[in-house]
> 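First the structure, then my questions, so here it is.
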Amino acid sequence: MAEAAYNIPVFRQRTAEETEEYQRVATNVGKGLAVIQEELHRMRMATKAQVDSLAIQREVQDMMPKRLDLLDEFPRMPDFLVALRPHTVWEKTPVKLFCTVQGNPRPIVKWYKEGVPVDPLSAPGKYKIENKYGVHSLIINWLLMMFHFLFPSWAVPHLTEIHPSKLEVSLLDRFSVTFGVEGSSISLVCTMVVVPNLPNVPPLAQWYRDDKLLKPSKLVEMSVSGSAARLTLPYLAKDDEGLYTLRIFTKDGTAEHSAYLFVSDAAPSAAGAPGAPMSVKAYDINSDYVLVAWKPPNTVNEAPITGYFVDRCEVGSDSWIQCNDAPVKVCKYPVHGLSLGRSYHFRVRAVNSAGISRASRKSDKVTAIDAAESERLQGKEEGKYKTLNVIKDDELEGYVTIPGEPTEVHASEIFKSYVVLSWKPPCPRGRAPLWYIIEKCLAGTGAWQRINTAVKLHSPRYPVFDLQDGQKYQFRVYSVNMYGSSEASAPSEPIQKVDQDGVPSAPGHVVATRNTKSSVFVQWEPPKNPKNLMGYYIDGRVVGSKEWFACNHKPFKHTRFVVHGLIPGETYVFRVQAANVFGLSEESQESSPIAVEPALATPSAPYGIAMLSSDGSSITLAWKSPKHCGGSKVNAYYIDKRDADTLVWKEVNLTGVTERVCTVGDLKEGTFYEFMVQAANLAGVGLPSAPSAPMKCEAWTMEEPGPAYDLSFSEVRSHSLVILWKAPVYTGASAVTGYFVDMAKKGSSEFVTLNQEAVRHRYLQVADLEEGETYVFRVRAVNANGIGKPSQLSDPVCAKALPGNSKSTLINTDSCAGFTYILKTFLNPNFCWLFFSSRLTFTNPDKDDLGKYSVVVTDTDGVSSSYTLTEDGMLFVPLKHALNYEILEKGHVRFWLQAVKLSPSVSYRFIVNDKEVTSGEVMIHDVATGIIQMTVDHFTRANEGTYTVQINDGKAKTQSSLVLVGDVFKAALKEAEFQRKEHIRKQGPHFSEYLYFTVTEDCTVMLTCKVANVKKETTLHWYKEEDEIVPETPPSVMSGACAIPIPLFSRKDQGIFKAVLGDDRGKDTSLSLTGLICCMLGASASDLVLQCTPEGIRLQCYMNYYTEEMKTVWKHKESKIASSEKMRIGGTAEMAWMQICDPSDKEKGHYSIEISDGVKTHVRTFDLSGQGKNKEQVIVEFTHFYLCSLYRGRVVGGLPDVVTIMEEKSLSLTCTVWGEPTPEVTWFKNEQEVASTEHTRVTFDGGKFASLVINKVTPEDSGKYSINVRNKYGGEFVEITVSVYRHGEQIPEPKLGHPKTATPHLGGK
């Protein structure tokens, strides 16, 4: 049976919607399968990684115990644990860079700066490299740029030989600030200790001047050994001035020391000549040209420098040749005409009106060579053995013989006296020696002229001197050799000979501050226009002196300087000048005066904290003063406390305590505490003391006294001293009755009691000490119950007299009823001050004052002295008043003193300027009063000096002195001469009271004087500015008082008034200046008041008397007001006013008037804003003004301005008026009220119509008529002009009148 054929089924056809749905489902299924496959792959890989990690961990755990000891041998690459970080620091301040590195083998760290290894020896003192415990550091001093480093991983072999920088060096005696003079020699020496001290390996020492390394030469000699480093300058010059630094390389880095060397000018060659210039150097060196520059010297008291001479000398010769014929005014000079290949030295001399200075130090050797010669050399290797042949560019130019033209012609230096031309050499140069020819012409003319006809110029530089001021020039250059000349170069730009800059401006504010006992720190502001500043010169002057001195002799580059070598205690002022190539600037303003004293510093730490008592809740402490007070008195102490078991300190007192004893409260009983103390002065709070020993807070109940404290010493000598102390705070059960003092040698614990019986006073003189031995002491207090606790041990004291001599003397002088005990202490003969003195004066002494007196000088090494006052020393004459003087009536001078008591046998003598007065003067005494006096009848300038009275009264004696010199003498002489002249003046008619003035209420000035010793013939005349004034009533001199009135005084009356009184016996004159009288007028000004007017607002200020000559200023909101149509300013005799017309909101605000009298300004104010203190007055005035403007009386209409009428006719003036209430009406003719008569009838009908009728007018009726309409709110004033003419006369032209509005007045006023 045949197989049935397969029939392809017929697929159902999908619709478009079904196809789209199928595609959507198929896409989503595909995406889901892809996501499932990715997730399965991720899980498979994560599982594999986890299994591998567990396997590695098990393997590592198994291997760690076996290979732990071998880990250190595994090589590891270098790595940074702590890397470098960026730093931002101030310029010239040190910085430290740190990093931590690991690696195996141990890596060697190398530091690099911009790819170059950092070598500490290449810049001594600037770099320091350290490696401590794996921390690598680079210390950079005077930082100027940023640094970075690289880090390799290979080993570097270590040095095995001993290098000088591996030695340990400690500096001992160091050189100090040194002063030298030009031409002398000086040595700077610094001693040291070197470990190990190897003779063949001295320390590596380097010397610097102003941070520039010095090298040995004829002018600088250096030596170093194991004991000292020495720098010798055999021929000093001002070039050598500066800061010298010695740096010695040690195992731990560098040891260094710096000090300044000052070099002053040698004696000038001529009196008043300037000092020598300095720092002479040569620049821009060419084959026949060089530019010499130098620094100007300081001129303090010398005349200004007018110029400089430059000299040259060939090396090997002593012959100096002057290079310039006329002095050059700037510190630069181009020297030309040098010989190629020869070497030269240069020097400079300064010139002023007094002469020429000494020559400067000669410059370094300079060889005249072509600066471009080396640039034209080339090397070429030839032959089998690579021989180097040197050839010139000329040989590569082929067969070119004539040179090319120069290029870039310009002026490299332009000054008032010369111009330096520069250009580039030609290319090609030609095959022969080359020289140049220069031409010039006035700019724009084209008339070229050769300027170096006699000079064969080989250098591309040439100075041109003979140029006219104010003219502009152009230059061009030719290149010439034996084959010919080149074309001319391109002309230069127009060049004019001028000063480019000039001297700098003066430095700014100069401030001087304390530094040390012989130096001052000076700083200043730089000049606003520095103009290529070279440095500064600082000058000083003692206050009171006119002579300035130079503080430095070489320009100093910074704006701060320490002036050394000053006198301690003296007062100075300083000034500064800036210097550049053109010279010195103007002097700055002087600094404020400053006394030379050490700078203030904080005090050192107190020490010796001791416990004086305790009550269970508080502890009383005492401590010793700081050993160094810092130059200012210690004015406060601050205490901190802490529990002995903790580390946290707590403040005890926020306010400083002034005594060195303090009770600390709020403590816990049974707890141990530690204490710490800080001292403070004007400079601040100093360092804290070391913590005290732990102190237990428990109540003291023992019956014996507590410890004494504050042990100190005075009068320390070779075999004796005096010890002092203070009484204990805790006295025990009874009062303290005495003290025992124990002594032991330093370091020994065996104390010896010095006194067998307790001493009651709190000091003890200790004798029989061994000279040079050091001792310590302690004190124990005693009461009735026994001996108390010993004090804290004293500071060690050496039995050795202090250097110098101290003595005290008893002087019975310059004391009132007593005597004076003076300590004179000689300190150091090397200083210009030798001693100071202190005095103790006894008034009314008695036997209780007998005994031993001691004095101690604080802030020294124990300077002290003593004096024993005995009964014999008290035999003196007590004084009630010391010697004094008195000016008597006739100009006589009386010198007197008063003793408490004098006997009849007393003797005395007056001594003036060390000469006894024996005759010529009146000397008397009065035993009853104890007065001794001498009268000088004619006191003159010859009487200036010292006056002394020596008195002997039995065995007792005394003396008293009076110093009458200087300003005191001048005042006494002036008073004596005045009294002498007054006595002569009063012999004739004179003024007993000189002219004075008073001002009355009506502003009349009364000039008044009083006279004496007059008679009938005596006359009195008045003058103003030498013009006589004749009063209406002659003055009556016999009444004793005369006066002249000046009514309504004004500025025109100001001046000098004089009264002259005289008769046949003489005359007297009195003057008076009346320029200040208006001050009384200004002081009378009332407060400003407000007045409303029809035009606006008026502010008024009432015064007793006002004129427009008085200086008055009106202001609105602090702005001055000028008189205008809007703001009118004026016044009357009673007031000043300001009218504000048509006021608006702009005129609101604060108003004031200022009345000035030349000495004082009187101000009156008014607030017109409506918000201030004048608010109520403003409201009242404006309310009343509003009512007045509505209800005041006024003329509504009907009146003409001018009326012209013929005689014999009747005139009727009628108008309508209005006001509420009904106003009053008044008519006036020529300001006189018109009454109603038959000829003139006045009517007012119905309170509305006002009329004035004149029957049969006559010419006499002509005039100005007016009507005044007024009620309580104000009124109006209207004028009419009436003209009456006769028959046959021409009608006159009308003359208009001027209506006036009456000012409203306040109702009810």
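This is a predicted model, so every value here is computed, not measured. Note that the numbering runs from 1 along the sequence shown for the chain.
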> Provide the full list of salt bridge (Lys or Arg N to Asp or Glu O under 4.0 Å) pairs with a residue in residues 1016-1029, sequence neighbours left out, each pair given once.
Glu1026-Lys1058
> Nearest 0.5 Å, please: how far is CD in Gln1139 from SG in Cys1141?
5.0 Å
> Applying salt bridge (Lys or Arg N to Asp or Glu O under 4.0 Å), which residue pairs with at least one partner in residues 982-995 are found, sequence neighbours left out?
Glu982-Arg985, Arg985-Asp1068, Glu993-Lys1010
> Would you indicate whether the side-chain heavy atoms of Phe1057 and Ile1029 approach each other to under 4.5 Å?
yes
> Other residues, nucleotides and ligands only: do more than 12 of their heavy atoms fall within 6.0 Å of CD on Gln589?
no
> Which residues pass the side-chain contact (heavy atoms from CB on, under 4.5 Å) test with Asn884, sequence neighbours left out?
Trp896
> Using the side chain to side chain contact (heavy atoms under 4.5 Å, CB included) rule, take Val1014 and Met1038 through it: C-alpha gap first, then chi angles, then the decisive distance, then the call.
CA-CA 7 Å; Val1014 295; Met1038 298 302 295; 4.1 Å; yes
> Of the non-hydrogen atoms in Arg1164 and Leu1088, which two are nearest, and what is the gap between them?
O-CD1, 3.6 Å
> Which heavy atom in Ile887 sits nearest to a heavy atom in Ala972, and how many Å separate them?
CD1-O, 3.8 Å
> In the structure I gave you, are the side-chain heavy atoms of Ile1280 and Val1203 within less than 4.5 Å of one another anywhere?
yes
> Indicate yes or no: does Glu1208 engage Lys1256 in a salt bridge with an N to O separation below 4.0 Å.
no
> Residues in side-chain hydrogen bond (donor to acceptor under 3.5 Å, both in side chains) with Glu587, at least two apart?
none
> Using the side chain to side chain donor-acceptor pair (under 3.5 Å) rule, collect all pairs that involve residues 1226-1240, keeping only residues at least two apart or in two chains.
His1239-Asp1261
> Can you check side chain to side chain contact (heavy atoms under 4.5 Å, CB included) on Gln1100 and Met1138, steps first, answer last?
CA-CA 7 Å; Gln1100 301 175 161; Met1138 182 188 69; over 6 Å; no
> Can you tell me how far the CG atom of Leu1199 sits from the CD atom of Glu1279, to the nearest 0.5 Å?
12.0 Å
> Under 4.5 Å between any side-chain heavy atoms of Thr1019 and Val1037, yes or no?
no
> Distance-only criterion, 3.5 Å: show the donor-acceptor pairs between side-chain atoms of residues 1245-1253 and protein atoms not counting sequence neighbours.
| from | atom 1 | to | atom 2 | distance (Å) |
| --- | --- | --- | --- | --- |
| Ser1251 | OG | Thr1214 | OG1 | 3.2 |

> Is any side-chain heavy atom of Tyr1265 closer than 4.5 Å to a side-chain heavy atom of Thr1281?
no
> Within a strict 4.5 Å, meaning less than it, do heavy atoms of the Ile1044 and Glu1032 side chains meet?
no
> What pair of heavy atoms forms the shortest contact from Ala1136 to Ile1153, and how long is it?
CB-CD1, 4.2 Å
> Which residues pass the side-chain contact (heavy atoms from CB on, under 4.5 Å) test with Arg941, sequence neighbours left out?
Leu973
> Looking at residues at least two apart in the chain, or sitting in another chain, which of them share a side-chain hydrogen bond (donor to acceptor under 3.5 Å, both in side chains) with Asn529?
none
> Is any side-chain heavy atom of Asp1087 less than 4.5 Å from a side-chain heavy atom of Tyr1102?
no
> Can you name the closest pair of heavy atoms from Cys1009 and Leu995 and give their distance?
CB-CD2, 3.8 Å
> Identify the heavy atoms of Gly1066 and Pro989 that sit nearest to each other, and give their distance.
O-CG, 3.7 Å
> Evaluate Trp1114 against Leu1099 for side chain to side chain contact (heavy atoms under 4.5 Å, CB included), listing each step before the verdict.
CA-CA 10 Å; Trp1114 289 88; Leu1099 295 177; 4.1 Å; yes
> If a pair satisfies ring pair (Phe, Tyr, Trp, His ring centres under 6.0 Å) and one of its residues is in residues 1116-1139, list it, with sequence neighbours excluded.
His1116-Tyr1151
> If you measure from CG on Asn1255 to CZ on Arg1241, what distance do you get to the nearest 0.5 Å?
6.0 Å
> Identify the two heavy atoms, one from Pro507 and one from Ser588, that lie closest to each other, and give their separation to 0.1 Å.
O-CB, 3.5 Å
> Within a strict 4.5 Å, meaning less than it, do heavy atoms of the Thr1018 and Arg1065 side chains meet?
yes
> Just to verify, what does Glu1220 make a side-chain hydrogen bond (donor to acceptor under 3.5 Å, both in side chains) with, not counting sequence neighbours?
none
> Give the C-alpha distance, both sets of side-chain angles, the deciding distance and a yes or no for side chain to side chain contact (heavy atoms under 4.5 Å, CB included) between Lys1067 and Val1060.
CA-CA 7 Å; Lys1067 67 178 182 179; Val1060 179; 4.2 Å; yes
> I want to check something: taking the side chain as every heavy atom from C-beta on, are Tyr994 and Thr1069 in contact at a cut-off of under 4.5 Å?
no
> Test of understanding: with ring pair (Phe, Tyr, Trp, His ring centres under 6.0 Å), list the residues that count as partners of Phe939, not counting sequence neighbours.
Phe969
> Holding to side-chain hydrogen bond (donor to acceptor under 3.5 Å, both in side chains), I want the full list of residues that pass it with Glu1154, two or more places apart in sequence or in another chain.
Lys1115
